[in-house]
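This report refers to the structure that appears directly beneath it.
Predicted model only: the values in this text are computed from it and were never measured. Each residue takes its place number in the sequence, starting with 1. Values below: every heavy atom of this structure, side chains too, minus hydrogens, waters and symmetry copies. Both counts, for ligands and for their atoms, begin at 1 and track the order of listing.
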Amino acid sequence: MAATVQMKVSPEDLSQVPQTGERIPNPGIMVIFGASGDLTKRKLLPALFHLEQVGLLPKNFAIVGVARRPLGDEFAADMREGIVEFGSVDNSDPRLEEFTSKISYYALSFDDPSHYAGLKTELDRIAKDKGIGSDRLFYLATAPEYFASIIENLGTQGMAQPEHGRVGVVIEKPFGHDLDSAKALNRELQAVLSERQIYRIDHYLGKETVQNIMAFRFANGIFEPVWNRRYIDHVQLTVAETLGVEGRGGYYESAGVLRDMIQNHMFQLMSLVAMEPPSSFDATPVRDEKVKVLNAVRPLVPEEILQRTVRGQYDEGFVDGQKLPAYRAEPSVAPASNTETFAAIKLDVDNWRWAGVPFYLRSGKRLAKHVTEIVIEFRRPPLLAFGKIQIGTLEPNRLVLQIQPEEGIKMEIKAKRPGATMQLTSVALDFSYSDFGPTDKATGYERLLYDAMIGDTTLFHRADMVEAAWRIATPILDVWGSIPPRDFPNYAAMSWGPASADDLIHRDGRHWRNP
Ligand code: BG6
């Protein structure tokens, strides 16, 4: 087993780190469409309350939940319960009462234009009562088929273009289901809004450890010189879930893991690892560099898709003696479904930094372990002058960016084992995020909501990024669609996926790091 050297962070170290000054957003109203869904109660409201707790919400602020159901004051009471339960907030927190008084509800049919004038009147009334200007953040937590009509109606009622102040619209994935539909959605959004008003949210970009990829790469001078094809052998990205589809079979049947996880979250992770240093950390240069990576990924041609991609679907399995159902036996899933719950892909980034360095991506449901991590595997040293030790027998250096559930950075290096003879062993230089103190209350939406309120689009997908990502994913989906899988289900629940995923990387003389 590898020895571990812990890198501890002391409070003194932290106080040395210059912190950037935080701006308080302007007084405003956040309007959540689809507010009766789970996301609002479990994530959005707890996140907003966490912002309130750390003083990052303006004093004059209102939250208006919008959905079809006729709800009244019970909405605010229900949100308060969500904040306590999912935000780990103490029910006796004195700020809860006042915060809850800022929450109200408005019933509306998303696709009925006649309802929007009433919404505008309601928002104007709240703004007047509470001394709020015209800053509005509309959060579309609805099914995607309503995005276009909500935005069109906001536009028609003059709510999308502020007289003063800022209006932003946050939308949740899926941003289309292939390249053509993504382009159509972008056109519909841009017919009413300017690109800088659009916040295409990706909760992975709200994770501390994902944001840390940029800090790690660009706040440390020692990595840049080795961050390229001369020193890096390959990169692995794993997003493994132990959960199945958890009652979302209906949605998942039309998605599959390539659309659900890889096209969005994983391509974003990949672009953070592979991007060039931006000229500044403003939204435009950062997103320009990220999109360049996606544009440099060589789309696979059909013959390559058969060689470089693997898809899988989970069969039944056991955990602690309990039987878990196969995907095909999940509610709302077709008994002969061909939807993939696992995929592994080998991609190339055609630029000078990465030519010849494969990126292996894999993600799946009901895998052996819940883990998201990025492994940068370095080339072995060219020569080993330690007697009989064969160079090929030594594990290479690996840098592991642990995104979740363990959050940290691990560098696997070689060291001499104590003793009279030269024996090499692996040790890990290990930094854990827990050294910063407990962070477990955050829902991951805090930073993203705050950024949307202050108008910072850096951590959001831009239209061209979405299209570039679909340009990579769509040919794969097309080939998979035209050649149905013959071996589904092909992996047992709670395993590491189909054997063909191991073959994909073994063929290149490499192996997955299964943590
Ligand atoms: C969502 C997917 O975007 O991300 C889900 O739709 C998936 O299927 C989830 O389970 C995973 O997110 P996290 O933060 O739990 O890794």
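Under the rule for a side chain to side chain contact (heavy atoms under 4.5 Å, CB included), the partners of Ala182 that lie at least two apart in sequence or sit in another chain are Val466, Trp470. Considering only residues two or more places apart in sequence or on other chains, Lys207 meets the salt bridge (charged side-chain N to carboxylate O under 4.0 Å, His left out) condition with none of them.
To the nearest 0.5 angstrom, Ile476 atom CD1 is 10.5 Å from Gln263 atom CD.
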Please tabulate protein-ligand N/O pairs under 3.5 Å for ligand 1, atom names and distances to 0.1 Å.
{"from": "ligand 1", "atom 1": "3 (O)", "to": "Lys173", "atom 2": "NZ", "distance (Å)": "3.1"}
{"from": "ligand 1", "atom 1": "3 (O)", "to": "His265", "atom 2": "NE2", "distance (Å)": "2.7"}
{"from": "ligand 1", "atom 1": "6 (O)", "to": "Lys173", "atom 2": "NZ", "distance (Å)": "2.9"}
{"from": "ligand 1", "atom 1": "6 (O)", "to": "Arg248", "atom 2": "NH2", "distance (Å)": "3.0"}
{"from": "ligand 1", "atom 1": "6 (O)", "to": "Asp260", "atom 2": "OD1", "distance (Å)": "2.6"}
{"from": "ligand 1", "atom 1": "6 (O)", "to": "Asp260", "atom 2": "OD2", "distance (Å)": "3.4"}
{"from": "ligand 1", "atom 1": "8 (O)", "to": "Arg248", "atom 2": "NH1", "distance (Å)": "2.9"}
{"from": "ligand 1", "atom 1": "8 (O)", "to": "Asp260", "atom 2": "OD2", "distance (Å)": "2.6"}
{"from": "ligand 1", "atom 1": "8 (O)", "to": "Lys365", "atom 2": "NZ", "distance (Å)": "2.9"}
{"from": "ligand 1", "atom 1": "10 (O)", "to": "Glu241", "atom 2": "OE1", "distance (Å)": "2.6"}
{"from": "ligand 1", "atom 1": "10 (O)", "to": "Glu241", "atom 2": "OE2", "distance (Å)": "3.4"}
{"from": "ligand 1", "atom 1": "10 (O)", "to": "Lys365", "atom 2": "NZ", "distance (Å)": "3.1"}
{"from": "ligand 1", "atom 1": "12 (O)", "to": "His203", "atom 2": "NE2", "distance (Å)": "3.0"}
{"from": "ligand 1", "atom 1": "14 (O)", "to": "His203", "atom 2": "NE2", "distance (Å)": "2.8"}
{"from": "ligand 1", "atom 1": "14 (O)", "to": "Lys207", "atom 2": "NZ", "distance (Å)": "2.6"}
{"from": "ligand 1", "atom 1": "16 (O)", "to": "Tyr204", "atom 2": "OH", "distance (Å)": "2.4"}
{"from": "ligand 1", "atom 1": "16 (O)", "to": "Gln404", "atom 2": "NE2", "distance (Å)": "2.7"}

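In this structure, Arg366 satisfies the cation-pi test against Tyr314, with its NZ or CZ atom closer than 6.0 Å to the six-membered ring centre and inside 45 degrees of the ring normal.
The salt bridge (charged side-chain N to carboxylate O under 4.0 Å, His left out) contacts involving residues 467-486 comprise nothing, where partners must be two or more places apart or lie in separate chains.
Between the Ser181 side chain and the Gly176 main chain, no donor and acceptor come within less than 3.5 Å of each other.
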